[in-house]
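In what follows, a structure is listed as structure tokens, so that the remarks can point back to it.
Atoms within a ligand are numbered from 1 in the order they appear, just like the ligands themselves. Excluded from the calculations below are hydrogen atoms, water molecules and symmetry mates; all remaining heavy atoms, backbone and side chain alike, are included.
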Amino acid sequence: MSTSSSYDLLVVGAGIVGLAHAAAASERGLRVLVIERDGHAVGASVRNFGHCCVTAQSGELLDLARAARERWLSLSSAAGFWSTAEGGLAVARTAAELAVLEELSAARPDGGVRLVGAHEARARIGGSLDAAALGAAVLEEDVRVDPRAAVVGLAAWLERQPLVDVAWRTAYLGPADDGGARTSRGVVAAARTIVCAGHDIDYLFPDVAAEAGVERCGLQMALVDAPTVGGAAMEIAPAVLTGTSMLRYPAFSTTAAAAALRTELERTHPELIGIDANLMLTQRPDGTLLIGDSHVTLGTMPPFLDEATSSTLLASAAELLGVERLTVRQRWQGIYASSPRAPYLVADVAPGVTAVSVTSGIGMTISHGLAQKVLDEHLAAG
Ligand SMILES: Cc1cc2nc3c(=O)[nH]c(=O)nc-3n(C[C@H](O)[C@H](O)[C@H](O)COP(=O)(O)OP(=O)(O)OC[C@H]3O[C@@H](n4cnc5c(N)ncnc54)[C@H](O)[C@@H]3O)c2cc1C
């Protein structure tokens, strides 16, 4: 890193939130330095489903997600990482789940939520689905990327942009006395700093995080082989969501029908409610499936994976797909910043320094939209 250079903007963190800000700022003609304490991104942005869950958002989040959707597709083509606009599929296996989907579909008369029968739902996910399926909603605005490739691909593309430098293994330590920033490799001169440190906002700015009610949410995930149907590996084009997803994402959870669904799931699936599951899956381009997830929110996250939680998720995913068992390749824990008060945090933490953290588990969905908003509102003001 050349510490003698002077930048218009320093971005801390090469997860999706930081990269979204760097891409948007360089497009505005700003000279940008991204610093990342690791050798490549290993945080929440590579541990997730890669699901830009647009359709199930509401209000401002839907606007941010729609803006992000367009950015994902254009950046995918510019930077050369894989994406798909095949949408999502929310599967209903009970009348209560179907009622949520029907209500959402009716609330979107302009489209975006298309109800299909069990036969079409099964066909869309490779020919096998829980025999209990009654139907599904196609979530037409959803897009997906492979999280492990997209964030790396976006960072590599940014490194090739004339206005952007990326310094790996360089940790942000705090604002410098005379502007700019102190880093583990010296002082950086920058007119403005945007800190996108994910859940580590609580290390860097503990008072800001505490004031915003930010804790850490730990999620268990698994990578499994694509199951086979009739000798062929299943091809699952959409992101697949279930009843537990309908309790989580606002466009579902704010329907009148969601209350009855919660009561039903508490009675029929206490094991999923007990781990605060969002049972869903996505398929990567190599055919493997990302399966998850559970949620535990704490100030400090224990590092230990719980095998009973993994077993519950894997058995439930196998049941959803109508297959006997799934073969696990990898398991891991992901952590994101979480606050019950707001879906994201944008705070001016020092002169010229703004902290940005998505505090609701939808960073892949809204980051590109949020970055534009932050630059509009905070850079202009600075
Ligand atoms: C299991 C799981 C599944 C999820 N599924 C989805 C999904 O399908 N769709 C969706 O929209 N969202 C999903 N999310 C949420 C989404 O992944 C996060 O909201 C998003 O990745 C947060 O991005 P980030 O850049 O803020 O954080 P991170 O990806 O964690 O990046 C923060 C970066 O900052 C760096 N950093 C921290 N401190 C410093 C420092 N002092 N100096 C330099 N660098 C620093 C870290 O090393 C890290 O690389 C999921 C999250 C998890 C964990």
Side-chain angles (χ1 to χ4, degrees), residues 10-22 33-54 56-57 61 64-65 68-69 72 88 142-148 150-152 154-155 166-174 181-185 188 193-205 214 216-223 239-241 245 248-249 278 280-282 290-296 301 313 331-338 343-345 355-371:
L10 170 67
V11 173
V12 176
I16 190 54
V17 176
L19 297 180
H21 282 81
L33 172 65
V34 180
I35 61 170
E36 164 58 51
R37 69 175 174 203
D38 275 305
H40 53 88
V42 290
S45 303
V46 299
R47 301 182 192 204
N48 60 47
F49 293 100
H51 178 211
C52 186
C53 179
V54 180
Q57 307 305 323
L61 296 179
L64 294 175
R69 174 187 201 277
W72 268 125
D142 291 18
V143 298
R144 284 196 300 116
V145 296
D146 177 0
R148 300 178 183 200
V151 175
V152 170
L154 185 52
V166 182
W168 302 102
R169 296 192 189 285
T170 305
Y172 176 77
L173 304 178
R182 290 177 293 114
T183 81
S184 53
R185 293 184 194 267
V188 168
T193 301
I194 297 185
V195 181
C196 307
H199 54 274
D200 285 334
I201 185 170
D202 61 358
Y203 289 166
L204 288 168
F205 306 110
V214 174
R216 292 172 170 231
C217 183
L219 302 83
Q220 286 192 205
M221 297 280 288
L223 183 75
V240 183
L241 281 65
S245 318
R248 181 162 294 275
Y249 297 116
N278 172 14
M280 59 171 287
L281 58 93
T282 56
L290 294 159
I291 303 247
D293 53 18
S294 57
H295 298 80
V296 174
M301 194 56 58
L313 290 170
R331 299 174 207 264
W332 64 97
Q333 181 187 57
I335 300 176
Y336 62 67
S338 174
Y344 60 82
L345 178 157
V356 181
S357 183
V358 177
T359 51
S360 53
I362 53 167
M364 297 296 273
T365 304
I366 64 166
S367 291
H368 291 297
L370 181 61

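Residue-to-ligand polar distances keep A41 apart from ligand 1: every N/O pair is separated by 3.5 Å or more. Note: no N/O pair closer than 3.5 Å links I335 and ligand 1 by distance alone. Annotation: M364 places an N or O atom under 3.5 Å from an N or O atom of ligand 1; distance criterion only. For a threshold of 3.5 Å applied to N or O pairs, the pair formed by N48 and ligand 1 contains at least one separation below that value. Residue H51 has at least one N or O atom closer than 3.5 Å to an N or O atom of ligand 1. Ligand 1 has an N or O atom lying under 3.5 Å from an N or O atom of A44, backbone or side chain. When only interatomic distances are considered, the shortest N/O to N/O separation between W332 and ligand 1 does not fall below 3.5 Å. For the pair V12 and ligand 1, the shortest N or O to N or O distance does not fall below 3.5 Å. Residue contacts with ligand 1: D293 is placed with no nitrogen or oxygen under 3.5 Å of a nitrogen or oxygen of the ligand (distance criterion only). Where the criterion is an N or O separation shorter than 3.5 Å, residue side chain and backbone included, G361 meets it with respect to ligand 1.
Considering only non-hydrogen protein atoms, atom 41 (N) of ligand 1 sits nearest to Y172 O, 3.1 Å. Nearest protein heavy-atom contact of atom 24 (P) of ligand 1 is V17 CG2, 3.7 Å. Looking only at protein heavy atoms, the nearest one to atom 44 (N) of ligand 1 is R37 N, 3.2 Å. Closest to atom 51 (C) of ligand 1 among all protein heavy atoms lies Y336 CD2, 3.5 Å. In this structure, atom 31 (O) of ligand 1 lies nearest to the protein heavy atom G15 CA, 3.5 Å. Residue, atom and distance of the protein heavy atom nearest to atom 19 (O) of ligand 1 are G363 N, 2.9 Å. The protein heavy atom nearest to atom 21 (O) of ligand 1 is S45 OG, 2.9 Å. Remark: minimum distance from atom 34 (O) of ligand 1 to any protein heavy atom is reached at G13 CA, 3.4 Å.
Only the side chain of D38 comes within contact range of ligand 1, with a heavy atom under 4.0 Å; no backbone atom does. With a 4.0 Å cut-off on non-hydrogen atoms, T365 touches ligand 1 through its backbone as well as its side chain.
The CH2 atom of W72 sits 6.5 Å away from the CG atom of L154 when rounded to the nearest 0.5 Å. Interatomic distance, I194 CD1 to H21 NE2, rounded to the nearest 0.5 Å: 4.5 Å. With values rounded to the nearest 0.5 angstrom, L290 atom CG is found 5.0 Å from W332 atom CH2. To the nearest 0.5 Å, atom CG of residue N48 and atom CE of residue M221 are 7.0 Å apart. Distance check, rounded to the nearest 0.5 Å: CZ of F49 to CG of L241 gives 8.5 Å. Note that OG of S184 and CD1 of I35 are 7.0 Å apart. Values are rounded to the nearest 0.5 Å.
For atom 53 (C) of ligand 1, the candidate residues are S357, G292, G50, G334; the nearest heavy-atom contact is made by G334. Between the choices Q57, M221, E36, the shortest heavy-atom distance to atom 1 (C) of ligand 1 belongs to M221.
Between the side chain of D142 and the backbone N or O of V54, at least one donor-acceptor pair lies under 3.5 Å. The main-chain N or O of W168 is found under 3.5 Å from a side-chain atom of T170 such that the two form a donor-acceptor pair. A donor-acceptor pair is defined here as one N or O able to donate and one able to accept, closer than 3.5 Å; no such pair exists between the side chain of H51 and the backbone of A239.
Close contacts between ligand 1 and A171 involve ligand atoms 42 (N), 43 (C) [criterion: under 4.0 Å to a heavy atom]. Heavy-atom proximity to R47, at under 4.0 Å, picks out these atoms of ligand 1: 1 (C), 2 (C). Those atoms of ligand 1 that come under 4.0 Å of a heavy atom in G198, given as number and element, are 26 (O), 27 (O), 32 (C). In the vicinity of L219, heavy-atom distances shorter than 4.0 Å reach the ligand 1 atoms 1 (C), 2 (C), 53 (C). Within the listing of ligand 1, atoms 10 (C), 11 (O), 12 (N) sit less than 4.0 angstrom from a heavy atom of I362. Annotation for ligand 1: atoms under 4.0 Å from non-hydrogen atoms of T170 are 43 (C).
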Inset, instruction - Evaluate the side-chain contact (heavy atoms from CB on, under 4.5 Å) criterion for residues Y344 and L64: first the C-alpha distance (whole Å), next the side-chain angles of each, then the deciding distance (0.1 Å), finally the verdict. - result: CA-CA 11 Å; Y344 60 82; L64 294 175; 3.9 Å; yes
Inset, instruction - Go through the steps for H295 and N278 under the test side chain to side chain donor-acceptor pair (under 3.5 Å), then give the verdict. - result: CA-CA 8 Å; H295 298 80; N278 172 14; 5.4 Å; no
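The two residues G43 and R47 make their nearest non-hydrogen contact at O-CG, 3.2 Å. The shortest non-hydrogen separation linking V11 to G18 is CG1-O, 3.4 Å. Closest approach of S245 to M280, counting heavy atoms only: OG-CB, 4.3 Å.
Legend: residues meeting side-chain contact (heavy atoms from CB on, under 4.5 Å) with L204, ordered by chain and number and at least two apart, are Y172, V195, A197. Applying the side-chain contact (heavy atoms from CB on, under 4.5 Å) test to A56 and every residue at least two apart in sequence or in another chain returns C53, Y249, F252.
The side-chain heavy atoms of R169 and R185, taken from C-beta on, include a pair separated by under 4.5 Å.
No heavy atom of C53 sits closer than 4.0 Å to any atom of ligand 1.
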